[in-house]
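Below: one structure, written as structure tokens.
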Amino acid sequence: MSEVTVRKTPDGMKGFLFTLPALAWLATFFAAPLLAMIVISLRDSATGQIGIGNFTRIFMEKSYESALLNSVALTATVTVASLLLAYPLAYSIVTVLSRRMQRVALTFAVLPFWTSYVVRSYAWLLVLAPTGFLNRLLLALGLIHTHLRLAYTPTATEIGFVHFFIMLDTLTIYASLVQINPRLALAARDLGASSLRTFLTVTLPLSVPGIAVGAFLTIVLCLGDYVTPQILGGMRAIVLPQTVMMQIQKHLDLPMASAMSLVLTLIMALAYLGLRRFLDAGERSR
Amino acid sequence: MNILSLRRALSWKGLGLLYMLACYGFIFLPVIVLVLFSFQDGRLPVPPFHGPTLFWYGEVLANSRLVAAMGNSFLVGVGSSLLSLVLGFLAAYGLARYRLRGRSLIRGFLVLPMAVSYLIVGMGLLVMASWAHIAPSLWLVGISHVVINMPLAFALCAAQFSETQARIEMAAGDLGASLPRILLQVTVPMMAPTLIAAFILCFTLSWDEFLSAFLLSRFEITLPVAIWGILRGGLNPQTNAIGSLVFFGVVALALIAEALLFRKKKNSA
Amino acid sequence: MTVTPLPHLCIEKIVKRYPGQMALDHVSLSVERGSYVVLLGPSGSGKTTLLSIIGGFTMPEGGAIRIGGEDVTAFPPSRRPTTTVFQDYALFPHMTVATNVGFGLKMKPMSPQERKQRVQDMLRLVGLEQQRDRAIQALSGGQRQRVALARALAVDPEILLLDEPLGALDLALRRQVQEELRRLQRQMNRTFIHVTHDQEEAMALADLVVVMSHGRIEDVGTPRRVYLRPASRFTATFMGESTQITGRVAHRAGDVLTLETAFGTIEGIAAPNPGAVGDMPSSSTVLQKDDEAVAIIRPENFTFNPENKQSLPTATVMEMIFQGNYVRILALTDAGQELVLCLPPQQAPTVGTRIVPCCSVDDVVIVPA
């Protein structure tokens, strides 16, 4: 310590006063509601009994169970597809473009997402609808002869999600890739590794934190989203947030909706635990 | 195409460029369709495109429900972002400048809402409000937006409190400035670019937030909820117009935020 | 009638602990008004902690700080008549040069005209009148340093504290700023307390050098005294090069000690008490017969002329380093004792030559081992 160090008053009381408003706000409007949700989720709204009945119903009743499975399957597909599509994009940006162009490229990648979140899914409807842009284009080119059924299918939901998460994953993977010292790859090549081996043994492992962060964000945002499946997905494969909204709006069953929300949170927490090792690696390298 | 240019196109670099082009095409496709058909001279925002018109923009501005929703979104956005910023800034300052017991616990709690989906935040407040017999309102929406955005404002501010800045504040105290004076004349101006950028980010997130606004409002609604209502009517160039308006507005805000953050980086280098 | 001046700054038995380390171990020091004090020591010696305690940024666990007789130990930095020039200058990046300098004046009862005049005077003092409206980012390192000085001096502190103020500057600039600091201090007649690890800087600037090590004061005195008559082995080692010969005191006659060493006896003057201020201080009585001790001989005090001098055993020149106005010679006696000599280039022997170095009794200081 060769410089005059920062004065930190030993009594933290004053500092605590600074954090108090924020803590109080979150305690009142975040922690307490969460607790209330947990309490209320234990009540059966039909019989008024206390127990874990709502939770067992989610896993036993056909409609809830399939919503849960749809949610998990959708999230898994979207997560994997987005990463597979985003990685080459981020890699191309890093390897092909100059530093200045990289900045421009990233700014442009984000640009389309500054439209309203609700409108974004609607825009995909414009493209995918039976009379929409894509069908008209393909018909005009003579590539198809009847309308493709794209809108109001699980595929449309997937396209809508992948669209957003390609952008997000590209950002997180890019952030990992640019941090890798380019001399590492040169050193590997110098030691006789082929370019494929260099990629697999040097570049890819070092970019794992970016992949993990992207995957985690995808899982949390995808699992909790209501708008995209509701607008694009149609009614064939309903996901959990949609059933939550139905409980609230149609059945006025807050306990059941709470229980489902908690199950969603639980899955997100599991995803976090699964990815924590890789996320922490990112913290360390920073 | 001659052989030479074909070979170049097939090189890794060429492949990379091609792939980038394809991805950008995919990313931009919906926005281009959205904006293009907001100028559609017809009742359906689908091909073929009939001559440009500003008719639908006029419709949006004449739609009192949409305009009122924009006003509501603006109020909720500004109010919740300001409060998020003040709470987040103070908390970050307290944690950075004082030795607190359980600081990592406090920090963890303050950023926890970031790891929870908006659905949970909205649901929780809905459950609590219905327990306390509080009717859904814009106030509740604003409260939920502070829960959502304050952790972000906190994290952005916390990242800015460096040792160097602490010494600058110490120097101000050494010269006789009181704590409020240091905060207002040294800390806040020094962090102004970060604070403005954080405000704009919070505002855009609040402006765009749908789920908890949908759950927590009833008669007075925010813009995303109003747009949601219109979407039920199917494809309509008016929706294209409102979407495009939001797009251009937010892009302008984002460019300002970007410029501020970028300037900050250049200065500190 | 003469009045004994009250010490301006009194540091009394200051104690500061850091986890697993005694940062300051009952440190006491008195500083007279208007003197330039340099706290000198290696990193971890406690010098910066001491400065930080004088400035009020760090609370000591024991002891007191008095300034002009008043106990300021419990005062925050803003209430002390001290200001600090920080190592990284800590300038306000969002203000101009003039607003930086005027910042401390805003808290004083002063009219805007007076304040403006004061800022102008300070900028003239440090030679930055032309830059008054410049942004901090537009200044060079040396200019920033002068803004920091002007800002700290503007509030007219009784004591100016400088934390390694020249650390970030390159060598040529450092010399120039040293002269400027000295000039400023004389001109304003303020007490300056300056922390550095650079012994040349200390010698160039200080009225009083305070050598610190491991949280204690090893020696206090004028640069000349501390260099020529170091009170301890650490001081001798830290303040420049020397030949050090260990032995046992065989005889004491007044201040002259005879040291029994591996290759015979050597005579020298007993080291002064730490804190002895004069250039020729009286010796400490610490060393007595049979005590372990070390003879310290500065390299420039060796000659080959044995007249009125004592001879050391024959040595072989091992290495010769040409340094312009002198030649530095490393030699080894047959018994394995290392010697360091500085000689004018024309007197320098070649490598491998056998030499018999001589030195006078007055030039040998004997310090406790």
Side-chain angles (χ1 to χ4, degrees), chain A residues 6-10 12 14-16 18-19 21-23 25-26 29-30 32-34 36-37 40 88-89 92-93 95-96 108-109 111-112 114-120 122-127 129 131-133 136 163 166-167 220 223-224 226-227 231 241 244 254 257-258 261 265 268 272, chain B residues 13 16-17 19-20 23-24 27-31 33-34 37 45-47 87-88 90-91 93-95 97-101 106 109-110 113 116-121 123-125 127-128 130-131 143 146-147 150 154 163 166 170 208 210-211 224 227-228 231 235 239 243 246-247 250-251 254:
Chain A
V6 176
R7 182 196 180 108
K8 289 197 173 153
T9 342
K14 215 167 168 187
F16 187 67
F18 276 103
T19 58
L23 288 175
W25 188 276
L26 288 190
F29 299 119
F30 175 68
L34 215 61
M37 254 173 83
I40 204 177
L89 180 58
S92 303
I93 289 175
T95 50
V96 173
F108 264 81
L111 200 64
W114 291 117
T115 180
S116 176
Y117 154 68
V118 175
V119 171
R120 211 161 57 218
Y122 167 79
W124 271 110
L125 211 52
L126 291 176
V127 175
T131 55
F133 182 81
R136 289 279 166 95
H163 178 232
I166 278 188
M167 182 274 295
V220 169
L223 269 179
Y226 164 69
V227 171
I231 293 181
V244 170
L254 275 184
S258 298
S261 306
T265 312
M268 291 174 195
Y272 173 74
Chain B
K13 198 173 163 167
L17 276 171
Y19 185 73
M20 276 165 59
C23 283
Y24 277 82
I27 288 175
F28 270 87
L29 178 63
V31 176
V33 173
L34 178 81
F37 287 98
V46 290
L87 295 180
L90 288 177
Y93 184 87
L95 278 171
R97 295 292 181 263
Y98 297 91
R99 211 175 303 167
L100 294 184
R101 218 172 297 167
I106 295 177
F109 182 60
L110 287 177
V116 172
S117 92
Y118 294 177
L119 177 68
I120 310 298
V121 174
M123 270 294 302
L125 278 168
V127 166
M128 203 165 81
S130 76
W131 245 6
I143 286 172
V146 175
V147 171
M150 193 259 282
F154 166 76
E163 282 275 301
M170 276 164 68
D208 206 20
F210 169 75
L211 211 47
I227 295 175
W228 182 257
L231 282 187
L235 304 185
T239 315
V246 170
F247 175 63
V250 176
V251 165

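Worth saying up front: this structure is predicted, and the values here are computed from it rather than measured. Naming: A, B, ... by sequence-line order, numbering from 1 per chain.
- If you measure heavy-atom distances from B:Y24 to chain A, the contacts under 4.5 Å come from the side chain alone.
- Counting heavy-atom pairs closer than 4.5 Å to chain A, the top residue among B:V31, B:L235, B:L119, B:I227 is B:L235.
- A distance of 8.5 Å separates CG of A:L126 from CZ of B:F37, quoted to the nearest 0.5 Å.
- Residue A:I93 touches chain B through both its backbone and its side chain, counting heavy-atom pairs closer than 4.5 Å.
- Residues A:F133 and B:L29 are in side-chain contact: their nearest non-hydrogen atoms beyond the backbone lie under 4.5 Å apart.
- In this structure, B:F28 places its CZ atom where more than 12 heavy-atom neighbours from other residues, nucleotides or ligands lie under 6.0 Å away.
- Contact count versus chain B (heavy atoms, under 4.5 Å) is highest, among A:T131, A:L125, A:V220, A:L223, for A:T131.
- Heavy-atom distances place both the backbone and the side chain of B:I120 under 4.5 Å from chain A.
- Nearest approach of A:V96 to B:K13, heavy atoms of both residues: CG1-CG, 3.8 Å.
- Proximity to chain A (any heavy atom under 4.5 Å) is restricted, for B:M150, to the side chain, taken from C-beta onward.
- Note on A:S116, A:S258, A:G224, A:A36: by heavy-atom pairs under 4.5 Å with chain B, the leading option is A:S116.
- Surrounding CH2 of A:W114 are at most 12 heavy atoms belonging to other residues, nucleotides or ligands under 6.0 Å away.
- Looking at heavy atoms from C-beta onward, A:V119 lies out of side-chain contact with B:V246 at the 4.5 angstrom threshold.
- Heavy-atom distances place both the backbone and the side chain of A:A32 under 4.5 Å from chain B.
- Using a 4.5 Å cut-off between heavy atoms, A:I166 touches chain B through its side chain atoms alone.
- With a 4.5 angstrom heavy-atom cutoff, A:L23 touches chain B via backbone and side-chain atoms both.
- For the set A:T95, A:L34, A:I231, the entry with the most heavy-atom pairs within less than 4.5 Å of chain B is A:I231.
- The choice from B:P30, B:G16, B:C23, B:S130 that makes the most heavy-atom pairs within less than 4.5 Å of chain A is B:P30.
- Pairing each heavy atom of A:T115 with each of B:G243, the nearest pair is OG1-O, 3.4 Å.
- Between A:Y226 and B:F210, the ring planes lie parallel to each other; the angle is under 30°, not in the 30° to 60° tilted range.
- By number of non-hydrogen pairs under 4.5 angstrom with chain B, the leading residue of A:Y117, A:F29, A:F30, A:Y122 is A:Y122.
- Going from atom CZ of A:F18 over to atom CG of B:L87 covers 13.0 Å, rounded to the nearest 0.5 Å.
- Considering all non-hydrogen atoms of both residues, B:Y19 and A:S92 come closest at CD2-OG, 4.4 Å.
- For B:L125, the parts sitting under 4.5 Å from any heavy atom of chain A are the backbone and the side chain alike.
- Summarising the geometry of A:T19 relative to B:L100, their closest heavy-atom pair is CG2-CD1, 4.1 Å, with the distance given to 0.1 Å.
- Using a 4.5 Å cut-off between heavy atoms, B:V121 touches chain A through its side chain atoms alone.
- Options A:M167, A:M268, A:R136 differ in how many heavy-atom pairs under 4.5 Å they form with chain B, and the most are formed by A:R136.
- In terms of heavy-atom pairs under 4.5 Å with chain B, the best-connected choice from A:A257, A:P112, A:A123, A:P241 is A:P112.
- Rounded to the nearest 0.5 Å, atoms CZ (A:F16) and CD1 (B:I106) are 5.5 Å apart.
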